Participant: 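Take this structure, written in structure tokens, and hold onto it; I'll ask about it next.
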Number of protein chains: 2
Amino acid sequence: MQLKELSERTGVSPASIKFYLREGLLPPGRSVHATRAEYSEHHLSRLELIQALRRVVGLNMAKIGSLLKMADDGVPRLELLAAVQRAVLGLDDVGTEHGDLRTPAGDAVVRFRNWPDVPSDARNSLNAHLALMESLGVPVTEDLLNAYSQAVDAIAAVNISATTAPEDVNQLIMTAAVGMHLHGQLVLKLLALAHASHAIRRYDKDA
Amino acid sequence: MQLKELSERTGVSPASIKFYLREGLLPPGRSVHATRAEYSEHHLSRLELIQALRRVVGLNMAKIGSLLKMADDGVPRLELLAAVQRAVLGLDDVGTEHGDLRTPAGDAVVRFRNWPDVPSDARNSLNAHLALMESLGVPVTEDLLNAYSQAVDAIAAVNISATTAPEDVNQLIMTAAVGMHLHGQLVLKLLALAHASHAIRRYDKDA
DNA sequence: CCCACTGGATAGTGGCTCTATCCTAGTCGC
DNA sequence: GCGACTAGGATAGAGCCACTATCCAGTGGG
């Protein structure tokens, strides 16, 4: 298919497609001759991926670009999924570049939950976040952290098993990123509802 | 104190302070005469609040403005806190304006957890989100929702009790917004770590 | 007395994500 | 053969956001 059809089938304007091509998010089509190019199903799924990452997950172009580059470079799946996690949850938006920082609280969580004691982006980000909370004067007690980690442990146990990885790289990223984002938001919204519910119950009791 | 001192004590440039004044985020100082104005501690704490909402929580000026307006209008605390929750968690960013939409899954959660069955922003937002996930083809089983809601119920039970509301409105918003944001992020990061940990364990077992 | 500071006004900056316009060369279909 | 259309390349502009800078005229504290 050519550019216009690509545009019509995805709902993305030709101008935007050109823009993505310029930015290297979308690989150039197979050039039939000087003024005609042929795009494949791969372009279609990639364009849909870009749209999903932008509109649903809310990633910026730089993050999308680096994910797509990894996919194109044939980075191993586990590594790719780790990158997706980093991008979707913004694990690298705060200072996690200072090597492996540790916090007593973070270490305690890992020990207590019997999680593997290895460095990871998630762990660094958690530690950085704990340090941030500390510095902003928001207390994080061990009890609180235990309750939180027990809860998320239960959540993780449930939805790790529901993961089936598709073969196509575009779809792998799509599934992983969209799923991660939506599940994260779901937890946040449930938490909001839980908070509101507890607050109402408490308020009613007092009243 | 005058503008410059306000600037020095908060680290916000005079130009930005003027900007906030223009935008109405910061009330004008007591005008001593045509070319001199006096700012109080209230201005200081409000400016710090604005900074925290921008830099830590990441709210945009419109949201900050509406929160501050509510505070100034002497809106009741519970209502104010609800608005904070809406702003911080972005509950109103998706279509929750269509009245009270319900989903079977959302209702089931409320019944199952024995949460009060009343409409709320959090609930509407949850239902909208469930509908979104549905429409994007991301399945949400009842089991999953039960596991999630049980987990967040436990979390909410722990940190609702740790809330002490300060008297000053600026500080109330500050504490609530910053706390909400940081705790939400903490849960997300713990969840990421939990996922990673489960994935590692699973991978190691397979290998 | 004068200089730093004031409020008010207006304009500009920089990042980000597009969107529009113009051009030439080329081809598909009639 | 010819005209409507299309690709690609280049470049400019738009629109939003959160500032940031500049200019101004007035004035009170040191």
Side-chain angles (χ1 to χ4, degrees), chain A residues 1-40 43-44 46-68 87 90 92-93, chain B residues 1-40 43-44 46-69 87 90 92-93 177:
Chain A
M1 84 197 77
Q2 38 194 76
L3 198 145
K4 203 180 187 193
E5 189 182 345
L6 196 57
S7 161
E8 277 158 5
R9 283 175 63 177
T10 55
V12 181
S13 75
S16 296
I17 294 178
K18 281 184 169 191
F19 173 67
Y20 294 146
L21 286 166
R22 274 203 304 285
E23 297 296 307
L25 292 193
L26 206 55
R30 189 172 55 82
S31 184
V32 177
H33 51 250
T35 70
R36 202 83 11 154
E38 181 71 16
Y39 300 93
S40 64
H43 288 92
L44 194 67
R46 166 144 304 192
L47 192 47
E48 278 162 356
L49 172 58
I50 292 172
Q51 284 299 97
L53 293 181
R54 286 267 327 118
R55 310 230 170 269
V56 180
V57 185
L59 298 187
N60 61 23
M61 311 236 341
K63 279 189 178 130
I64 295 176
S66 86
L67 281 183
L68 294 181
D92 45 7
D93 285 354
Chain B
M1 85 198 77
Q2 38 193 82
L3 196 147
K4 204 182 186 190
E5 189 183 344
L6 196 57
S7 161
E8 278 157 4
R9 283 173 65 176
T10 55
V12 181
S13 75
S16 296
I17 295 179
K18 280 184 167 193
F19 174 67
Y20 293 145
L21 285 167
R22 272 203 305 284
E23 297 295 308
L25 292 194
L26 206 54
R30 188 171 55 83
S31 184
V32 177
H33 50 250
T35 69
R36 199 88 7 152
E38 182 69 17
Y39 300 93
S40 64
H43 288 92
L44 194 66
R46 167 147 299 194
L47 191 47
E48 277 162 356
L49 172 59
I50 293 171
Q51 283 301 97
L53 293 180
R54 284 277 317 123
R55 310 229 170 269
V56 180
V57 185
L59 299 187
N60 61 23
M61 309 236 345
K63 281 191 178 125
I64 294 177
S66 86
L67 281 183
L68 295 181
K69 189 172 176 310
D92 45 7
D93 286 355

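Computed from a predicted model, the values in this text were never measured in an experiment. In what follows, chains are A, B, ... by sequence order, proteins preceding strands, each numbered from 1.
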Participant: To the nearest 0.5 Å, what is the distance between CZ (R46(B)) and CG (L53(B))?
Facilitator: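 Reported to 0.5 Å precision, the distance equals 10.0 Å.
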Participant: Check whether any side-chain nitrogen or oxygen of Y39(B) sits under 4.0 Å from OP1 or OP2 of dG7(C), and answer yes or no.
Facilitator: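 Indeed, a polar side-chain atom of Y39(B) lies that close.
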Participant: Tell me: CZ of R30(B) to P of dT6(C), nearest whole Å?
Facilitator: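 About 15 Å, once rounded to whole Å.
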Participant: So, taking the atom named CG in L21(A) and the one named CG in L47(A), what distance separates them when rounded to the nearest 0.5 Å?
Facilitator: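 Reported to 0.5 Å precision, the distance equals 9.0 Å.
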Participant: For K69(B), which residues count as a salt bridge (Lys or Arg N to Asp or Glu O under 4.0 Å) partner, sequence neighbours excluded?
Facilitator: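 Partners of K69(B) by the salt bridge (Lys or Arg N to Asp or Glu O under 4.0 Å) criterion, ordered by chain and then number, come out as D73(B).
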Participant: Going by the rule side chain to side chain donor-acceptor pair (under 3.5 Å), which residues pair with S16(B) if we only count those two or more places apart in sequence or in a different chain?
Facilitator: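 Checked S16(B) against side chain to side chain donor-acceptor pair (under 3.5 Å); matches are S13(B).
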Participant: Which protein N or O atoms sit under 3.5 Å from an N or O of nucleotides 23-27 of chain C?
Facilitator:
residue : atom : partner : partner atom : Å
dG26(C) : N2   : R36(A)  : NH2          : 3.4

Participant: Name all residues meeting the side chain to side chain donor-acceptor pair (under 3.5 Å) criterion together with T10(B); count only those two or more places apart in sequence or in a different chain, and write none if there are none.
Facilitator: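 With sequence neighbours excluded, T10(B) shows a side chain to side chain donor-acceptor pair (under 3.5 Å) to no residue whatsoever.
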Participant: Going by the rule side chain to side chain contact (heavy atoms under 4.5 Å, CB included), which residues pair with A52(B) if we only count those two or more places apart in sequence or in a different chain?
Facilitator: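 Once residues adjacent in sequence are excluded, the partners of A52(B) under the side chain to side chain contact (heavy atoms under 4.5 Å, CB included) criterion are M174(B), V178(B).
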Participant: From the 5' end of DNA chain D to its 3' end, which nucleotides mark the outer limits of contact with chain B, defined by a 4.0 Å heavy-atom distance cut-off (strictly under)?
Facilitator: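 Extent of the interface on DNA chain D: dA18(D) to dG28(D).
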Participant: Sorted by first residue and then second, give each salt bridge (Lys or Arg N to Asp or Glu O under 4.0 Å) pair with at least one member in residues 6-35 of chain B; sequence neighbours left out.
Facilitator: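 Matches after skipping sequence neighbours: E5(B)-R9(B), R9(B)-E41(B).
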Participant: For DNA chain D, which residues in residues 49-60 of chain A have a heavy atom at a distance below 4.0 Å?
Facilitator: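 Heavy-atom contacts with DNA chain D come from no residue of residues 49-60 of chain A; none.
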Participant: Residues in side chain to side chain donor-acceptor pair (under 3.5 Å) with S40(B), at least two apart?
Facilitator: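 S40(B) satisfies side chain to side chain donor-acceptor pair (under 3.5 Å) with H43(B) once adjacent residues are dropped.
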Participant: Applying side chain to side chain contact (heavy atoms under 4.5 Å, CB included), name anything that partners Q2(B), two or more places apart in sequence or on another chain.
Facilitator: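 Per chain and number, Q2(B) pairs via side chain to side chain contact (heavy atoms under 4.5 Å, CB included) with R36(B).
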Participant: Can you list everything that forms a side chain to side chain contact (heavy atoms under 4.5 Å, CB included) with P28(B)? Sequence neighbours excluded, please.
Facilitator: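 With neighbours one apart ignored, the set is empty.
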Participant: Strictly below 4.0 Å, heavy-atom distances to any atom of DNA chain C: list the hits from residues 2-22 of chain A, or just say none.
Facilitator: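 Here the set is S13(A), A15(A), S16(A), F19(A), Y20(A), R22(A).
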Participant: Can you check the E38(B) CD to dC5(C) P distance for me, whole Å?
Facilitator: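 After rounding, the reported distance stands at 15 Å.
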Participant: Supply the atom-to-atom distance L49(A) CG to L44(A) CG, rounded to the nearest 0.5 angstrom.
Facilitator: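 Separation between the atoms: 11.5 Å.
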Participant: Using every non-hydrogen atom in the two residues, find where L68(A) and L25(A) come nearest and quote the distance to one decimal.
Facilitator: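 For L68(A) and L25(A), the tightest heavy-atom pair comes out as CD1-O, 3.4 Å.
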Participant: If I compare all heavy atoms of L59(B) with all of K63(B), which pair ends up nearest, and what's the gap?
Facilitator: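 Answer, listing the atom of L59(B) first, then K63(B): CD2-CD, 4.2 Å.
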